[in-house]
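Here's the structure, in structure tokens; my notes come after.
Both backbone and side-chain heavy atoms feed into the values below; hydrogens, waters and symmetry mates do not.
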Amino acid sequence: HVQLVESGGGSVQAGGSLRLSCAASGVETNKPCMAWFRQVPGKGREGLTSLDGDGSPSYVNSVKGRFTISRDNAKMTLYLEMSSLTSEDTATYYCALDSHPSGHCLPYLRVSDYQYWGQGTQVTVS
């Protein structure tokens, strides 16, 4: 039974930084594809970045150069380092996991490609 638990959200001033964590448990795939999404009220969930099982990251343009995805495989914990935050980054942030055994992340960061989701952590930038 896969569980994903995010932490690290909170309030930060514009220009500041924040690090989110996502602890995974019950994962059978050794190095699965994992990703970060975010959502604001009234809008769909937006894919931000993904990390292949082999450690290759992918970013959407809006966060490239500001956000960094990483993972501690021993702890099965995914991280999102966020910097140069603006009010437009205010959202609920979710981590997601694709249980396909290949560990390869499909392109386009589609919500439908991920079977497991965390409960979300709120980030507010003011």
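- Judged by distance alone, the side chain of S112 and the main-chain N or O of R110 form no donor-acceptor pair under 3.5 Å.
- Nearest heavy-atom pair across T49 and S58 is OG1-O, 2.8 Å.
- Between L51 and G55, the shortest heavy-atom contact is CD1-O, 3.4 Å.
- The shortest side-chain heavy-atom distance between T90 and Q122 falls under the 4.5 Å cut-off.
- The CD atom of Q13 sits 6.5 Å away from the OG atom of S126 when rounded to the nearest 0.5 Å.
- L78 places a side-chain heavy atom less than 4.5 Å from the side chain of I69.
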Quiz prompt | Steps toward side chain to side chain contact (heavy atoms under 4.5 Å, CB included) verdict (L18, V123) | solution = CA-CA 9 Å; L18 208 58; V123 172; 3.9 Å; yes
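- Between C95 and L97, the closest side-chain pair of non-hydrogen atoms is not below 4.5 Å.
- Under the side-chain contact (heavy atoms from CB on, under 4.5 Å) rule, R38 has a single partner from L48, L80, T92, L20, which is L48.
- S50 places no side-chain N or O within 3.5 Å of a backbone atom of M34 that could act as its donor or acceptor partner.
- Residues K31 and D52 are not paired through a salt bridge, judged by the lack of any N-O separation under 4.0 Å between the basic side chain and the carboxylate.
- Annotation: cation-pi pair R71/Y79 absent, no NZ/CZ under 6.0 Å from the ring centroid and within 45° of its normal.
- Remark: N30 CG is loosely packed, at most 12 non-hydrogen atoms of other residues, nucleotides or ligands lying under 6.0 Å away.
- The closest side-chain heavy-atom distance from E6 to Y93 is not below 4.5 Å.
- Taken from OG in S83 to CG in D89, the straight-line distance is 9.5 Å, to the nearest 0.5 Å.
- Among all heavy-atom pairs drawn from A24 and L4, the shortest one is CB-CD2, 3.5 Å.
- Counting heavy atoms from C-beta on, the side chains of W117 and R45 come closer than 4.5 Å.
- Across V27 and P32, no two heavy atoms sit closer than the pair CG1-CG, 3.9 Å.
- Aromatic rings of F67 and W36 (six-membered ring for Trp) have centroids beyond the 6.0 Å cut-off, not under it.
- Across every non-hydrogen atom of L109 and A35, the tightest pair is CD2-CB, 3.9 Å.
- Between R66 atom CZ and Y59 atom OH the span is 12.0 Å, to the nearest 0.5 Å.
- Across all non-hydrogen atoms, the minimal contact from D113 to P107 is OD2-O, 4.1 Å.
- E46 has its side chain out of reach of Q39: every pair of non-hydrogen atoms, C-beta onward, lies at least 4.5 Å apart.
- Grouping the Ile, Leu, Val, Met, Phe, Trp and Tyr side chains by contacts below 4.5 angstrom, directly or via other members, places Y94 with V125.
- The cluster map of Ile, Leu, Val, Met, Phe, Trp and Tyr, joined by side-chain heavy atoms under 4.5 Å apart, puts V60 and L85 in the same cluster.
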